[in-house]
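Computation of the quantities below employed the complete heavy-atom set of this structure, encompassing side-chain atoms and omitting hydrogens, waters and symmetry-equivalent molecules.
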Amino acid sequence: MAVVMGIDLGTAYSSVAIFRNGKVEMIANEQDNRTTPSYVAFTDVERLIGNEAKSQAAMNSKNTIFDAKRLIGRKLDDPILKNDMKYWPFEIINHDGKLKIRVQHKNETKLFTAEEISSMILTKMKDMVEAYVGKPVSDAVITVPAYFNNSQRQATKDAGTIAGLNVLRVMSESTAAALAYGFDKEIFNEKNILIFDVGGGTCNVSIVSIDHGVFEVKSTAGNTHLGGEDFDTRLVDRFVREFKYTYGKDISENKRSIRRLRTACECAKLDLSSSLQATIEIESLYEDIDFHSTITRACFEEINADLFRSTLVTVKKALRDVRMNKNSIDDIILIGGSARIPKLQQMLQDFFHGNELNRSINSDEAVAYGAAIQAAIIVRDKSKIATDLLLLDLTPFSLVSDM
Ligand code: ADP
Ligand code: MG
């Protein structure tokens with residue numbers, strides 16, 4: 001059977017997995033990371049995607065595009081978009097009634113649609129796969145949030161087509177995660193799974209039922225502005241105050257200083273998921289002042305306590321929408337990078353009366369993993385070959401329904 005891929009096209013980070021020889025393999029980028037920033041940057045000489053684009057964002061903020069997923073499939077008069085726009089350093093214009101992003105590239109003004117920006121990220125994912133397997137691969141399943149409407153799904157599919165992918169399906173992230181979870185288990189009685197996804201900028205909770213290989217999204221609730229970047233912002237604010245207190249200088253208006261501080265804060269936050277203390281060291285952060293400081297996990301948890309609690313509000317809403325109580329949930333799956341934060345895990349576990357959270361799948365890989373399985377199922381059903389061992393593995397999953 002041919003190699004197929006599953007792509008988790010995220011707001012903040014994207015990842016890709018392939019399915020071949022009956023199993024899933026996660027693909028790493030050239031920095032050896034399995035998640036790649038969903039950033040595209042335009043410079044005078046080249047176009048950068050991923051880590052390279054994100055790391056130069058401070059110097060080139062007007063031409064560094066991120067959050068394309070918040071734009072895709074939306075119209076200019078969309079109130080959600082209007083609000084998001086206030087926070088973007090790049091320029092969005094009305095071009096003959098269509099929404100375009102305007103950048104300077106190789107000394108020219110260029111206009112791109114959100115689909116085109118997303119297609120550049122998808123191209124990068126495709127290139128990573130092809131470098132890994134050593135031959136062209138184009139069959140792909142791409143994931144979107146369960147709440148995406150038809151226009152957003154279609155635009156995501158178009159992005160895939162522009163990237164030269166054969167988009168087998170656009171599926172919900174929560175269904176993909178449930179598929180990753182259920183794939184190697186034989187589930188014959190109905191099970192209700194709660195998918196808790198806290199990513200870079202969004203928090204989504206879905207309840208998915210699995211019954212005889214049929215997956216169904218029962219409810220989905222979300223907060224589109226609650227995620228890792230908000231936790232980073234709290235850290236930034238704290239260090240801006242500390243800088244002011246120590247040096248009597250306000251760095252908050254200096255975009256470059258803030259960008260550099262933000263990068264350091266995200267690193268410190270990652271450290272705090274595994275250590276009890278993290279350090280920040282930035283040379284010449286402001287007017288030649290080197291900034292050194294530390295932060296404890298306890299302090300990080302305290303300054304984010306209200307945001308962390310908000311994630312539980314979303315959990316309660318997802319339960320309420322489907323009229324379930326927490327006892328009807330059989331298993332809890334964590335997805336998204338921010339779900340690695342120990343305090344968030346503990347709060348969720350406490351909420352479910354100390355029930356263990358499912359740790360069998362990696363939270364930042366589950367979505368791409370499940371999408372790769374879905375891609376394999378579709379290709380198998382199309383080819384109808386009945387001899388592959390793969391078939392046995394996939395038999396219970398012939399009827400994956402999606403919202
Ligand atoms: P997306 O929202 O695009 O789906 P992810 O699910 O990959 O993105 O989540 C990205 C967020 O997760 C970022 O804010 C990142 O800083 C955060 N993150 C990644 N790993 C960790 C970790 N070990 N601890 C805390 N936060 C993390
Ligand atoms: Mg995600």
Side-chain angles (χ1 to χ4, degrees), residues 1-21 23-42 46-54 64-69 71-73 101 105 112-145 148 152-173 176 179-180 364-380 382-383:
M1 197 182 118
V3 183
V4 293
M5 69 181 111
I7 304 176
D8 171 3
L9 180 62
T11 313
Y13 287 85
S14 297
S15 53
V16 59
I18 60 164
F19 195 103
R20 65 170 172 186
N21 306 325
K23 63 179 191 355
V24 179
E25 296 169 64
M26 292 300 303
I27 309 301
N29 62 25
E30 57 282 3
Q31 276 84 21
D32 217 23
N33 296 320
R34 288 167 166 197
T35 58
T36 299
S38 303
Y39 275 62
V40 177
F42 300 89
E46 61 192 333
R47 189 170 81 195
L48 305 167
I49 303 166
N51 288 307
E52 286 179 316
K54 189 173 178 180
T64 304
I65 316 303
F66 55 92
D67 272 359
K69 194 172 174 177
L71 283 156
I72 204 160
I101 300 150
H105 183 37
F112 295 106
T113 60
E115 290 90 307
E116 286 169 327
I117 299 292
S118 291
S119 83
M120 293 167 195
I121 298 160
L122 291 170
T123 301
K124 165 103 188 166
M125 298 289 126
K126 183 177 189 282
D127 290 347
M128 279 160 52
V129 165
E130 292 178 347
Y132 181 79
V133 301
K135 61 177 185 194
V137 180
S138 59
D139 285 339
V141 165
I142 307 174
T143 60
V144 293
F148 257 31
Q152 291 165 302
R153 283 168 195 255
Q154 183 59 48
T156 303
K157 189 171 185 185
D158 295 345
T161 308
I162 300 169
L165 293 169
N166 173 35
V167 184
L168 301 167
R169 183 172 298 177
V170 170
M171 82 185 297
S172 296
E173 288 156 9
L179 194 52
D364 38 21
E365 299 175 358
V367 174
Y369 195 104
I373 296 170
Q374 177 70 80
I377 293 169
I378 294 170
V379 168
R380 177 208 60 181
K382 276 190 187 150
S383 62

Point-to-point distance, once rounded to the nearest 0.5 Å, from [atom1] of [X] to [atom2] of [Y]:
X	Y	atom1	atom2	result
T113	I101	OG1	CD1	7.0 Å
D364	M26	CG	CE	7.5 Å
T143	Y369	OG1	OH	15.5 Å
I49	M125	CD1	CE	9.0 Å
I117	L71	CD1	CG	9.0 Å
I72	Q154	CD1	CD	10.5 Å

Would R47 and V40 satisfy side-chain contact (heavy atoms from CB on, under 4.5 Å), going step by step from the backbone distance to the final call? CA-CA 7 Å; R47 189 170 81 195; V40 177; 4.2 Å; yes
I'd like to know if K69 and E173 make a salt bridge, using a cut-off of under 4.0 Å between side-chain N and carboxylate O. yes
Nearest heavy atoms of [X] and [Y], plus distance in Å:
X	Y	result
A372	V24	CB-CG1, 4.3 Å
A371	A176	N-CB, 3.9 Å
S138	G164	CB-O, 3.7 Å
A68	A114	O-CB, 4.1 Å
A159	S119	O-CB, 3.1 Å
A140	L165	CB-CD2, 4.1 Å

Walk me through whether I378 and R169 qualify under side-chain contact (heavy atoms from CB on, under 4.5 Å). CA-CA 9 Å; I378 294 170; R169 183 172 298 177; 3.7 Å; yes
Just by modelled atom types, is the E115 backbone N or O under 3.5 Å from a matching donor or acceptor in the S118 side chain? no
Acceptor/donor pairs from residues 4-19 side chains to any protein atom, 3.5 angstrom cut, sequence neighbours excluded:
| residue | atom | partner | partner atom | Å |
| --- | --- | --- | --- | --- |
| Y13 | OH | K54 | NZ | 3.0 |
| Y13 | OH | E266 | OE2 | 2.9 |
| S14 | OG | G10 | N | 3.1 |
| S14 | OG | S38 | OG | 2.8 |

Whether F66 and Y39 hold their rings parallel, tilted or perpendicular, with breakpoints at 30° and 60°: parallel
Pair listing, salt bridge (charged side-chain N to carboxylate O under 4.0 Å, His left out) test, anchored in residues 128-141, at least two apart: K126-E130
Quick one: are M128 and K124 in side-chain contact, heavy atoms under 4.5 Å?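 Yes, side chains in contact.
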